[in-house]
Structure formats: C-alpha cells, structure tokens
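These notes are about the structure you will find just below.
In what follows, every chain begins at residue 1, and chains take the letters A, B, ... in the order their sequences are listed. This structure is a prediction, so every number in the text was calculated from the model and none was measured.
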Number of protein chains: 2
Amino acid sequence: MTVSRTAEKSSEKPADAGKGRKDAGEVQTEALQLGELSEQLGYVLKRAQLKVFENFLRCMASLQLTPAQFSVLLLVEKNPGRNQTEIASTLGILRPNFVAMLDNLESRDLCARIRSTNDRRSHILVLTDKGKAVLARAKKLVATKHEARLNDLLGQANREALIGMLSKIANEF
Amino acid sequence: MTVSRTAEKSSEKPADAGKGRKDAGEVQTEALQLGELSEQLGYVLKRAQLKVFENFLRCMASLQLTPAQFSVLLLVEKNPGRNQTEIASTLGILRPNFVAMLDNLESRDLCARIRSTNDRRSHILVLTDKGKAVLARAKKLVATKHEARLNDLLGQANREALIGMLSKIANEF
DNA sequence: TATTGTTATACTCTATAACTATA
DNA sequence: TATAGTTATAGAGTATAACAATA
C-alpha cells in the first residue's frame with residue numbers, strides 16, 4: 001500500500017498528518033479523512049505489519065536480531081541437519097539473498113555451515129552454542145515484551161483468533 | 001520477518017519447501033517443521049500481507065494500479081484541495097519519494113498538480129476525470145474480486161473483526 | 001528563518017542470470 | 001545434465017541532505 005519506516009528513525013508519523021487544529025491563525029489545517037482506506041485490508045495489514053516489526057526490533061535491540069534473522073535461527077533450531085536451500089525456501093528467502101544473511105549470522109558465531117559428507121555441495125546449517133543461547137534469550141524477550149504487548153492490547157482469545165485468520169490468509173488466499 | 005515475492009513472478013513458494021516425500025529413491029526430504037514460527041505474529045502478519053498484496057495486484061491488473069497508487073487516489077478523492085505534503089504524510093510516504101509516484105499518476109492523466117494561489121509553494125492535488133473514472137472501476141474490482149475473496153475465506157463477521165484488530169495494532173501497538 | 005516541492009543519493013529487500021564445484 | 005552455494009547485478013522501497021522558490 002504505502003507506509004514505510006525503518007524501526008525508530010525519524011519522519012512520517014502517518015494517520016495524523018494535519019494537526020486537526022491550527023496553531024496560530026493562518027489557514028485551516030483539518031485532519032485528513034482516511035475514508036474507505038481504513039477499511040482496506042491491504043492498507044491496515046501493511047500498517048500493522050510495520051508497527052509489529054518496529055516493536056520487534058525495539059524488543060530485540062539488546063540482541064541485535066531482525067525478524068528475518070530470528071526466523072532463521074528458530075527454523076534451524078527446529079530443523080537441524082538441513083541445508084541452506086531448504087531453510088531459505090521454507091522462509092521464502094531466495095538462495096542468493098540467503099548467502100549474505102548467513103555470512104552475517106556466521107560471523108557473529110550464531111550459526112555455522114557444515115559441508116555435508118553425503119553431498120559435498122550442501123551446507124548443513126546448525127546453531128552454535130552461542131546461537132542457542134542467544135535464541136533462548138530472544139524467545140524470552142519476544143514472549144515477555146513483544147507477544148505480551150499484543151495480549152494486553154487484544155486479549156489472549158483475540159490474539160489467537162488473529163493469528164489463526166492471518167495464517168489462513170497466508171495459506172489459502 | 002522474511003518472505004518476498006513481487007506478485008506473480010517465479011521462485012520460492014514457502015511453507016512447503018521439502019516435498020514431504022521423496023520422488024525417486026535418494027535421500028529423505030521430509031517437510032520442515034515451522035514450529036513456533038507459525039505462532040509468531042510478525043511472521044504470519046508479513047506472509048499474509050504479501051499474499052494480500054499479490055492478490056490485489058492480480059485483481060487490479062487491468063487497471064495497472066498498485067496498492068500504494070490506489071491509496072493515493074482514494075485519499076485525494078476523499079480530501080480534495082490538499083497538497084503533496086499532506087497527502088504523502090498521511091500515507092506515511094516521505095515527500096521526496098512521493099514526487100516520482102505523482103509523476104507517474106500525472107503522466108497517466110489520473111491526477112494533477114495545481115499550483116495553489118494562496119501559497120505558491122504548494123501543489124494542490126486533484127483527480128482528473130479519467131482519474132475519477134479509473135478509481136471508480138478500481139473500487140468495484142476491489143469490492144467484487146479482492147474483498148469478496150476475503151469474505152469467502154473468513155466470513156463477513158470475521159473479516160470485520162480482523163480489520164478491527166489490525167487497525168488497533170496499527171494505531172496503538 | 002521556515003516550508004514546499006524537488007534532486008541527488010544511499011541503503012535495504014527482492015529478483016534473475018550465470019558461474020563453480022560437485023553430483 | 002542437474003543441483004547447491006555463490007557472485008554479480010538490477011530494481012523496488014525507503015531514508016536523509018540540500019537546493020530553489022516562496023512564505
């Protein structure tokens with residue numbers, strides 16, 4: 001739809017552009033009408049996604065993990081012995097783009113590539129001890145700060161319903 | 001989180017990487033376990049958003065309108081007489097990035113910039129007749145193809161609940 | 001001095017082609 | 001010949017600084 005922002009940064013606090021009130025006595029500066037936009041699934045979905053990612057980044061600031069990196073660590077932990085192609089494609093990451101991502105995680109000693117003995121073309125992915133420790137801390141931060149925030153906002157039942165509907169859209173739309 | 005894709009294109013059909021079954025008789029290729037990932041709000045939100053945008057693009061193929069362009073047309077129609085800064089900031093678009101976007105819409109004769117007489121620095125935005133006509137057709141396509149699809153999938157009540165929760169996240173998270 | 005629209009620019013994501021080393 | 005990982009590259013989207021015209 002539109003929307004932007006890279007975590008904190010500056011600029012554009014949307015949906016509240018015109019102050020709604022004039023500060024001095026010049027021209028009128030009424031807030032804009034969103035109209036049908038606020039009912040557009042894509043629009044509200046995109047905005048919500050950006051907010052959630054921003055919050056995720058803030059919660060993870062101490063561990064310096066992006067949502068994408070977190071998803072890789074989670075998937076590697078849950079599926080040990082898989083190669084780059086398998087992990088990347090499951091996450092919707094293209095193999096070429098996965099290389100730099102892994103270089104980063106490997107340089108931080110969070111995961112490692114191991115040349116497979118069966119097929120020497122493949123790199124098996126594993127978490128290092130540090131990677132496991134960081135992921136454990138990350139999970140706690142996500143649970144106590146990030147997901148907890150969502151529970152406060154929507155309530156447990158609604159949160160589950162939301163995840164369910166989004167999954168359905170992701171899988172069947 | 002991860003995920004990609006630009007509408008149709010090729011590559012990466014995630015969440016079903018390993019076929020789950022071997023085709024010949026080589027090695028095992030079981031489907032990967034998503035594990036906690038499928039309960040992560042950010043992950044499922046991002047995936048759903050990509051699917052919805054893809055579907056939007058497909059529904060709008062005949063009009064060649066992106067979600068972002070559609071949102072601009074909607075907002076200009078609903079708020080005639082506003083300038084670039086106001087429209088852009090409401091949508092979370094940075095002014096510099098809004099220039100090329102408007103150049104595109106203007107070159108297609110969908111909207112026009114009008115130098116304001118009050119403040120000659122400002123460009124007032126308006127829809128052209130063609131812009132109004134295209135937007136009307138776009139709304140119909142969205143309603144009958146795009147949003148209708150969501151109703152089929154979730155049902156009217158759930159769809160409204162979903163929009164409501166996403167709005168709440170977008171505004172209060 | 002401040003603001004509007006603009007240009008230039010940079011950085012991140014995403015996408016495709018093609019190379020290498022294995023198979 | 002096909003596949004895994006990689007390189008190079010290109011295109012969107014998003015971000016900041018700075019300039020000209022105007023206020």
Among [options], find the nucleotide with the atom closest to the side chain of [X].
| X | options | result |
| --- | --- | --- |
| V99(B) | dA23(C), dT6(C), dT14(C) | dT6(C) |
| R121(B) | dG5(D), dA23(C), dT4(C) | dT4(C) |
| P96(A) | dA4(D), dT6(D), dA17(D) | dT6(D) |

Value in whole Å for how far the [atom2] atom of [N] lies from [atom1] of [X]:
| X | N | atom1 | atom2 | value |
| --- | --- | --- | --- | --- |
| N97(B) | dT4(C) | CG | C1' | 15 Å |
| I87(A) | dT6(D) | CD1 | P | 14 Å |
| Q84(A) | dA21(C) | CD | C1' | 14 Å |
| H123(B) | dT6(C) | NE2 | C1' | 9 Å |
| L94(A) | dT16(C) | CG | P | 7 Å |
| E54(B) | dT14(C) | CD | C1' | 13 Å |
| N118(A) | dA21(C) | CG | P | 22 Å |
| N83(B) | dA2(C) | CG | P | 19 Å |

Atom pair CG/CG of L65(A) and L105(A) - distance to nearest 0.5 Å: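 Reported to 0.5 Å precision, the distance equals 7.5 Å.
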
Salt bridge R159(B)-E147(B), side-chain N to carboxylate O under 4.0 Å: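 Yes, this pair counts.
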
Side-chain (R95(A)) to main-chain (T85(A)) donor-acceptor, under 3.5 angstrom: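 Judged by distance alone, no pair lies under 3.5 Å.
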
Side-chain (K139(B)) to main-chain (L74(B)) donor-acceptor, under 3.5 angstrom: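 Side chain of K139(B) to backbone of L74(B): no pair is present.
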
Side-chain N or O of S122(B) closer than 4.0 Å to phosphate OP1/OP2 of dT3(C):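 Answer is no, no contact under 4.0 Å.
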
Under-4.0 Å side-chain N/O to phosphate OP1/OP2 contact, R95(B) with dA17(D):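 Negative; the distance criterion is not met.
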
Residue mapping more 5' on DNA chain C - nearest nucleotide basis, D119(B) or R120(A):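 The residue whose closest nucleotide sits nearer the 5' end is D119(B).
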
R113(B)/E106(B) under salt bridge (charged side-chain N to carboxylate O under 4.0 Å, His left out): CA gap, chis, key distance, verdict: CA-CA 8 Å; R113(B) 295 183 242 225; E106(B) 205 170 17; 2.8 Å; yes

